[in-house]
> 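Can you keep this structure in mind? I'll have questions shortly.
Just so we're on the same page: letters track the sequence lines, and every chain starts at 1.
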There are 2 protein chains.
Amino acid sequence: MTDRAHVTLQQVATAAGVSLATASRVLNGSARVRPELRDRVEAAASELAYTPNAHAQALVRASWQTVGIISHDVSDPYFSGIARGAMRAAAERDLPVMMASTFRDPEREIAYISMLRAQRARAILLIGSGFEDRRWERAMDAELGPYLSAGGRVAVVSRHRSLRVDTVLPQNRQGAAALARSLLSLGHRRFAVLSGPARLSTVVDRVGGFQRALAEAGVPAAEVVEAPFSREGGHRATTALLSRGLDSTCLFATTDVMAVGALAALREHGVRVPEDVSLAGFDDISVVRDLTPPLTTVALPLEEMGERVVALALRDHSRGRRRIERMAGTVVLRASTARLPAPQ
Amino acid sequence: MTDRAHVTLQQVATAAGVSLATASRVLNGSARVRPELRDRVEAAASELAYTPNAHAQALVRASWQTVGIISHDVSDPYFSGIARGAMRAAAERDLPVMMASTFRDPEREIAYISMLRAQRARAILLIGSGFEDRRWERAMDAELGPYLSAGGRVAVVSRHRSLRVDTVLPQNRQGAAALARSLLSLGHRRFAVLSGPARLSTVVDRVGGFQRALAEAGVPAAEVVEAPFSREGGHRATTALLSRGLDSTCLFATTDVMAVGALAALREHGVRVPEDVSLAGFDDISVVRDLTPPLTTVALPLEEMGERVVALALRDHSRGRRRIERMAGTVVLRASTARLPAPQ
DNA sequence: GCGCTATCAGAAAGCGCTTTCCTGAGGTAC
DNA sequence: GTACCTCAGGAAAGCGCTTTCTGATAGCGC
């Protein structure tokens, strides 16, 4: 039975002794067909294990259902938390999902968008920080503009705002400020920040919100060390901080992933958490509660963010202005942050 | 510029004042075209932001490049480690990847396969444990059989062997046995196993290999507690074990994810690791080195497994028997397993 | 019986492309 | 000048489907 080809509707029709049109009608349930013919067609289709060619259908129907999701890495837990929600939401709507990882390569991101455009994807979702420079922005506009004006949908999560599309945005500034206030109320006064790349708006907001809250409390600004958004980055930033002589009582890592690296670095240097220094992160990715000590962080409703971005992308755009949905973060105090003795 | 439709090749051709055929030839670089016309077509295409309709291309070329990956959950680190390798391998070959999560629902798995079949996907990769029962097997065969005989490629990672397709298989039995021997040489003699669902061949092999090695050493078989493959499952199994009075010196969780749950449960009950009890896992997912204590486990080359499965799926099948690639696991001793005093 | 409408099913157009076939223009050889 | 070849580029077929159009048959009232 090595047919070397897929079964076509024509074959089904022939096998059932009806015309192509009738076979199509039966399988789409689109019009009345005599029961006898209907049965014959259905029998033939199942006999031949017929599956319609989705491309032919897409071509004639001029529509396609795929939702494309682009992020930098599937195995990043921040991303996969969001992706989980998005995939669930897509599955509920019977939409196939196409996922791609850019591995932080702008070229690849553009290439994937182009590919999704070629497939006439129903929606494109961009998750996580992009590449915030001029050239990239121009390239993005060149891809996304025609896609949007051809009726495509684009929505982003946690991206900088220069893309003028529907957005799900964590309240980074408020979350970081609330975290700072919690840490202040634990008695901390000297802070250091393990920052992600300073050009990303997520970083700007998280660091900015944090510093702002410190300033409002009349506390000196935190020392900021910049590193990539990764476990490795957190590790490196922390090592740098330690080597120049740490004089803070509390570290704030702008993402949990960085905090994980920070924790490892601290341990390697024999610095105890939280006895010697407190540590807090941001995002509440699933692993951080299993660390020792469990990590204080700002919890983001990751799955819900994924669901929301799908909903945004698929909403009725007819009377549409751009919509921005802000997701509040809640401070979760765990054991990685210590209360400092009152008379400091 | 709200065209409400995508630009077609015909529009490009008209804009450039050439025929459809010429425009196609230019954009595919498939035949000699006068430089002047070539330039006009390219200018028109870029002016109109033309992107070819991938469905039309797929239809006429009778081929499609998408690689489909199906697993139960994107946010499972075991899966995402493999997926990362697979996506990288696919990206190297310029193949788009379509990913789907079944959330452990057999119906959904079948539905996704059918969808990928409809899209005439180039290959379908199934990652992680499936559903090992009669009905499911029959349904799988009904989907996969026609797909294979139509020239589709299927490969699986870490699946039971009843699917007669190319397979990447961790050496679960050997890995678990090697782990057992390492633990024995640390002085442990009384073991308990936190097992995943007993019907899965992965579990059969891991538990079987472990017990076998114990038997060969003349050590009593480990007590086995069964639970789902999840943090929650590991937590529950451990709690059960503790409530009936733990008399083992070492726990073996059949997956790292379960070990994470076990560690949490132990901590909640005030049982210290490794002072009171040692704990070992399997897989070496990325988080376990950041636990306290870092987890002893059997390291699997997850990314490589992802790369291998793509290679298997895309290999030349012409003179093909089914191929099974076995991936060795290596025991990684970390601090979660203690050496027991010699005179036990 | 006739003419009318309903119902069902086949013929055919067309979705956006690639590719084969074919025509006509230009070049070369004699 | 004629015969022949080369080659650029247009016309058209066709990928597998959906859907409109059209035609055939049956049913009804008179």
Side-chain angles (χ1 to χ4, degrees), chain A residues 3-42 44-45 48-65 114-115 117-121 146 150-151, chain B residues 3-42 44-45 48-65 115 117-121 146 150-152:
Chain A
D3 300 310
R4 289 289 93 186
H6 293 271
V7 176
T8 69
L9 185 58
Q10 180 62 68
Q11 296 175 43
V12 173
T14 305
V18 301
S19 76
L20 188 60
T22 302
S24 171
R25 278 189 277 253
V26 168
L27 296 173
N28 291 294
S30 58
R32 260 179 296 265
V33 174
R34 215 170 352 132
E36 181 212 340
L37 293 192
R38 168 180 304 273
D39 292 347
R40 283 201 340 241
V41 171
E42 279 169 354
L48 297 172
Y50 169 73
T51 303
N53 183 319
H55 300 300
Q57 291 183 320
L59 194 55
V60 59
R61 287 184 179 146
S63 83
W64 186 240
Q65 300 294 21
S114 172
M115 187 197 87
R117 199 149 85 82
Q119 297 182 21
R120 308 300 189 246
Chain B
D3 300 309
R4 290 288 92 188
H6 294 272
V7 176
T8 70
L9 186 59
Q10 180 62 68
Q11 296 176 42
V12 173
T14 305
V18 301
S19 77
L20 188 58
T22 302
S24 172
R25 278 189 276 253
V26 168
L27 297 173
N28 291 296
S30 58
R32 262 181 295 264
V33 175
R34 211 173 351 135
E36 182 212 339
L37 290 194
R38 169 180 302 276
D39 292 347
R40 272 183 11 220
V41 170
E42 280 169 354
L48 298 172
Y50 170 72
T51 303
N53 184 319
H55 300 300
Q57 290 183 320
L59 194 56
V60 59
R61 287 183 179 147
S63 83
W64 185 238
Q65 301 295 20
M115 187 198 88
R117 199 148 84 81
Q119 296 181 21
R120 306 301 188 246

> Not counting sequence neighbours, which residues clear side-chain hydrogen bond (donor to acceptor under 3.5 Å, both in side chains) with Glu42(A)? List them please.
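Residues passing side-chain hydrogen bond (donor to acceptor under 3.5 Å, both in side chains) with Glu42(A): none at all.
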
> Which pair of non-hydrogen atoms, one from Ala54(A) and one from Trp64(A), has the smallest distance, and what is that distance?
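It is O-CZ3, 3.5 Å.
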
> Applying side-chain hydrogen bond (donor to acceptor under 3.5 Å, both in side chains), name anything that partners Arg40(B), two or more places apart in sequence or on another chain.
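Result, side-chain hydrogen bond (donor to acceptor under 3.5 Å, both in side chains) vs Arg40(B): Glu36(B).
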
> Please find the earliest and latest nucleotides of DNA chain D, in the 5' to 3' direction, that have an atom within less than 4.0 Å of any heavy atom of chain A.
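Listing 5' to 3', DNA chain D meets chain A from dG16(D) to dT20(D).
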
> Could you tell me whether a side-chain N or O of Thr14(A) sits under 3.5 Å from a main-chain N or O of Gln10(A), the two making a donor and an acceptor?
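It does hold such a pair.
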
> Using a cut-off of strictly less than 4.0 Å between a heavy atom of the residue and any atom of DNA chain C, enumerate the qualifying residues of residues 34-41 of chain A by number.
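Residues of residues 34-41 of chain A under 4.0 Å from DNA chain C: Arg34(A), Leu37(A).
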
> Taking any heavy-atom pair under 4.0 Å as a contact, classify Ala21(B): base, sugar-phosphate, or nothing.
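Base contact - Ala21(B) has a heavy atom under 4.0 Å of at least one base atom.
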
> side-chain hydrogen bond (donor to acceptor under 3.5 Å, both in side chains) with Gln65(B): which residues, sequence neighbours excluded?
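Residues passing side-chain hydrogen bond (donor to acceptor under 3.5 Å, both in side chains) with Gln65(B): Arg122(B).
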
> Bend angle of the helix from dG1(C)-dC30(D) to dC30(C)-dG1(D) from five-pair axes at both ends, rounded to 10°?
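Result, rounded to 10 degrees: 50°.
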
> Using heavy-atom distances to pick each residue's nearest nucleotide on DNA chain D, tell me which of Arg25(A) and Val33(B) is more 5'.
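Counting from the 5' end, the first nearest nucleotide belongs to Val33(B).
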
> Search all heavy atoms of Ala23(A) against all heavy atoms of Leu9(A) and return the closest pair with its distance.
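Scanning both residues completely, I find the closest heavy atoms to be CB-CD1, 3.7 Å.
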
> Between Val33(A) and Val41(A), is there a side-chain heavy-atom distance shorter than 4.5 Å?
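Not touching, per the 4.5 Å side-chain cut-off.
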
> Please examine the side chains of Asn53(B) and Thr8(B), heavy atoms only from C-beta on, and report whether any two atoms are closer than 4.5 Å.
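Thr8(B) vs Asn53(B): side chains apart.
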
> With a 3.5 Å distance limit and no angle check, can you tell me whether His55(B) reaches the backbone of Gln119(A) through a side-chain donor-acceptor pair?
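Pair found, side chain donor or acceptor close to backbone of Gln119(A).
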
> Scan Thr8(B) against the nucleic acid and name what it touches under 4.0 Å (heavy atoms): base, sugar-phosphate only, or nothing.
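Sugar-phosphate, no base atom in range.
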
> Taking the nucleotide of DNA chain D with the nearest heavy atom to each, does Ala56(B) or Ser24(A) sit closer to the 5' end?
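In this pair, the answer is Ala56(B).
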
> At their closest point, which heavy atom of Arg120(A) faces which heavy atom of Pro52(B), and how far apart are they?
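Residues Arg120(A) and Pro52(B), closest heavy atoms: NH1-O, 3.7 Å.
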
